[in-house]
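Residue numbers start at 1 and run along the sequence shown. In each ligand, atom 1 is the first atom listed, and ligand 1 is the first ligand listed.
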Amino acid sequence: MASIADYYAGKNVLITGATGFMGKVLVEKLLRSCPEVRTLYLLVRPKAGQSMQERVSDMMKCKLFDRVREDNPDFHQKIVPISSELTQPALAISPEDVERLTSCVNIIFHCAATIRFDEPLKHALQLNVIATQQLLSLAQQMHHLQAFIHISTAYANCNRRHIDEIIYPPPVEPKNLLSAPELRRPNTYTYTKALAECVVQRESSKLSIGIIRPSIVGASWQEPFPGWIDNFNGPSGVFIAAGKGILRTMRANNDAVADLIPVDVVINLTLAAGWYTAVHRPKAALVYNCTTGGINPFHWGEIEHHVMSSFKRNPLEQAFRRPNANITSNYLMNQYWVLVSHKFPALIYDLYLRLSGQKPQMMRIFNRLHKAIGLLEYFSSQDWEWNSENMNMLMSQLSPEDRKTFNFDVRQLNWPEYIENYCIGTKKYVLNEDMSDIPAARQHLRKLRNIRYTFNTLLLVFIWRVFIARSQMARNIWYFVVSLCFKFLSYFRASSTLTN
Ligand SMILES: CCCCCCCCCCCCCCCCCCCC(=O)SCCNC(=O)CCNC(=O)[C@H](O)C(C)(C)COP(=O)(O)OP(=O)(O)OC[C@H]1O[C@@H](n2cnc3c(N)ncnc32)[C@H](O)[C@@H]1OP(=O)(O)O
Ligand SMILES: NC(=O)C1=CN([C@@H]2O[C@H](COP(=O)(O)OP(=O)(O)OC[C@H]3O[C@@H](n4cnc5c(N)ncnc54)[C@H](OP(=O)(O)O)[C@@H]3O)[C@@H](O)[C@H]2O)C=CC1
């Protein structure tokens, strides 16, 4: 049987969502590990005043593509951007481009989606469901299509505890989308991704389909280099906020499995699934739960520990406070720490900003942070069990060489090392901070520690003074404690003089 790279040789690949986090890693890996691939057609929209060509050229200049650039400086010749706005009728692809795509595309990777948890339902449906339906219709017109790979999420069925590699009945009949009475999901994202799976499954008699369900996608593990990450989504924003000393408490279950999956693992599995689907043409859509919890579990409590110690070793610049965050599943305890460790320092800092003639901002930052954290807590407070038989089956189908090149064996993942690289990745690639500034960042943390000691001492003295001034009993206790200390001191001094 052909190896994965041999299969992709000479193939025309269509990718949606190529400018996104996972799309970029997919494009990079295809170009690097399948150098004979013919053309990558990327459906891209103009955005923020940039044309689609400008966006794609900028993307290819990014550090992520350094290794590909080294291997083949002309790699951009294989990339053809196609203008498309997925929320428009017929995906807003010009008739000439439709003609071109239908005559040559061999495999489709559909990554585009809105992944915001607070997306208005109408827009989430438009992009995650209706655009998927339209892409499937386009796929059916393609004369040489061999596989359609849809990227879903492991949380599409998060209303269940145990999740098999099957498509469950939709939360509502997709045809009656806009009259949905209630979501029965924590957000519009998971709801619309569940609907999209049904829409995809319904075409599986006409197309060869694979559905990839990653859990919480994090920084790269190994490829193209460890720790690559470019956004604040999911845990990345939480890690950064904790590393900056802003986030000190969050509601999460220490003992619940943190089902993080490195982005390169997801992409390797996706490419392998594309190969398998095209070569074996399974009769029904195969679903691949792409998760770590059942294979190499790691828990939120352990993540907290490793994130904190990593940011103490490699601090972020200009931290607000020393990184020291705790997670708790207790609602009241969390509320207490929110008050003491978030709101109180924010108030004091905003007061300082006001007094120094600057605009207060900390309370606003905390309000946004609490909104974001509130949306994530559903996922960090409980666990799920995913069946990953198809992932294992796929691994068993790969040659030893492909198993190395397209490695998705998460049993080999060393979590502490991964988390360390992840935290360093957020520093280098999300915040664009230089590693050479670490000594200055450490110095800043020492300054913060001294400020805290001074503040705490002054606060203690102030409280005690107020207390002593008002209560005879407090004064008596104070004199008693002080005289006891003196007695102990003179006892130890006397006994040490005797022994000498
Ligand atoms: C106590 C700490 C210990 C650490 C250990 C414990 C860690 C527990 C972590 C738990 C994490 C659990 C995560 C579970 C997620 C599972 C989900 C299922 C997986 C998936 O299938 S999809 C991927 C997940 N999707 C997301 O994560 C999207 C969630 N985000 C949103 O929905 C919105 O961004 C949000 C949160 C509603 C905020 O919206 P809004 O206020 O409108 O802000 P913007 O998104 O427009 O962003 C504006 C601007 O701010 C930047 N930004 C965003 N977040 C942060 C941040 N945390 N810190 C700093 N800056 C941030 C953002 O990039 C934008 O910048 P621009 O320059 O682009 O304007
Ligand atoms: N990140 C995660 O933790 C997880 C992600 N997934 C799934 O993986 C896939 C990729 O996610 P991820 O890369 O993180 O998401 P990103 O938000 O980083 O990327 C989304 C992509 O979709 C494109 N897109 C959005 N709206 C449109 C539109 N109207 N027209 C054309 N393109 C559009 C974006 O293009 P543009 O640059 O123009 O905005 C971007 O390329 C999604 O299907 C998601 O559901 C699943 C599990 C976890």
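Among all non-hydrogen protein atoms, the one lying nearest atom 23 (C) of ligand 1 is Ile115 CD1, 3.9 Å. Summary of contacts: the protein heavy atom closest to atom 19 (C) of ligand 1 is Ser215 O, 3.7 Å. Looking only at protein heavy atoms, the nearest one to atom 54 (N) of ligand 1 is Phe232 CB, 3.6 Å. When only non-hydrogen protein atoms are considered, atom 5 (C) of ligand 1 lies nearest to Glu304 CA, 3.8 Å. Nearest protein heavy-atom contact of atom 36 (C) of ligand 1 is Ala372 CB, 3.5 Å. In this structure, atom 31 (C) of ligand 1 lies nearest to the protein heavy atom Phe117 N, 4.0 Å. Residue, atom and distance of the protein heavy atom nearest to atom 4 (C) of ligand 1 are Val238 CG1, 4.0 Å. Looking at atom 46 (O) of ligand 1, its nearest protein heavy atom turns out to be Arg116 NH1, 3.3 Å.
Distance alone, capped at 3.5 Å, is enough to place a donor-acceptor pair between the Ser204 side chain and the Gln201 backbone. Under the 3.5 Å distance criterion, the side-chain polar atoms of Arg69 are matched with a main-chain donor or acceptor of Lys61.
The two residues Ala242 and Pro323 come nearest to each other via the heavy atoms O-CB, 3.6 Å. A pairwise comparison of heavy atoms in Ala154 and Thr291 identifies CB-CG2, 4.0 Å as the closest pair. Here the closest heavy-atom approach between residue Ala196 and residue Asn128 is recorded as CB-O, 3.2 Å.
Counting non-hydrogen atoms of neighbouring residues, nucleotides and ligands closer than 6.0 angstrom, the CD atom of Glu389 reaches no more than 12 such neighbours. Within 6.0 Å of NZ in Lys78 there are more than 12 heavy atoms belonging to other residues, nucleotides or ligands. Counting non-hydrogen atoms of other residues, nucleotides and ligands closer than 6.0 Å to CH2 of Trp384 gives a total above 12.
Defined by atom type and a distance below 3.5 Å, a donor-acceptor pair is present between the side-chain atoms of Glu302 and His299. Checking Arg411 against Asn296 by side-chain atom types alone, no donor-acceptor pair falls below 3.5 Å. With no hydrogens or angles considered, a side-chain donor-acceptor pair links Thr292 and Asp259 at under 3.5 Å. No hydrogens or angles considered: nothing links the side chains of Asn289 and Ser388 as a donor-acceptor pair under 3.5 Å. Checked by atom type, the side-chain pair Glu197/Ser152 shows a donor-acceptor distance below 3.5 Å. Side-chain N/O atoms of Asn407 and Glu223 include no donor and acceptor closer than 3.5 Å.
Every atom of ligand 1 is numbered from 1 in the order shown, and the set under 4.0 Å from a heavy atom of Tyr189 is 20 (C), 21 (O), 22 (S). Which parts of ligand 1 touch Leu247 is read off a 4.0 Å heavy-atom cut-off, strictly below it: atoms 1 (C), 2 (C). With ligand atoms numbered from 1 in the order given, ligand 1 contributes 37 (C) to contacts under 4.0 Å with heavy atoms of Leu375. Set against the non-hydrogen atoms of Ala325, the atoms of ligand 1 under 4.0 Å away are 1 (C), 2 (C). Below 4.0 Å from some heavy atom of Tyr155 lie the following atoms of ligand 1, by number and element: 18 (C). Contact atoms of ligand 1 toward Gly237: 57 (N) (distance under 4.0 Å to a heavy atom of the residue). With ligand atoms numbered from 1 in the order given, ligand 1 contributes 26 (C), 27 (O), 28 (C) to contacts under 4.0 Å with heavy atoms of Asn233.
Taking any N or O of Ile216, backbone or side chain, none lies under 3.5 Å from an N or O belonging to ligand 1.
Taking a 4.0 Å cut-off on heavy atoms, Ile240 fails to register as neighbouring ligand 1. Taking 4.0 Å as the cut-off, Ala252 does not count as a neighbour of ligand 1 on heavy-atom distance. Heavy atoms of Ala258 come nearer than 4.0 angstrom to ligand 1 in no pair at all.
Under the 4.0 Å distance rule, the nearest protein heavy atom to atom 44 (P) of ligand 1 falls inside the cut-off. By the definition of a contact as any protein heavy atom under 4.0 Å away, atom 66 (P) of ligand 1 is not in contact. Remark: atom 60 (N) of ligand 1 lies closer than 4.0 Å to at least one protein heavy atom.
For Asn367, the side-chain hydrogen bond (donor to acceptor under 3.5 Å, both in side chains) test picks out no residue, with sequence neighbours left out.
With respect to the salt-bridge test (charged N to carboxylate O, under 4.0 angstrom), the residues Asp58 and Arg55 do not qualify.
Listed by chain and number, Gly17, Ala18, Thr19, Gly20, Phe21, Met22, Arg45, Lys47, Arg55, Ser84, Glu85, Leu86, Thr87, Cys111, Ala112, Ala113, Ile115, Leu127, Ile151, Ser152, Thr153, Tyr189, Lys193, Pro214, Ser215, Val217 each place a non-hydrogen atom less than 4.0 angstrom from ligand 2.
In this structure, of Met22, Arg368, Met308, the residue bringing a heavy atom nearest to atom 50 (O) of ligand 1 is Arg368.
Here the two rings, on Tyr422 and Trp221, have centers that are 6.0 Å apart or farther.
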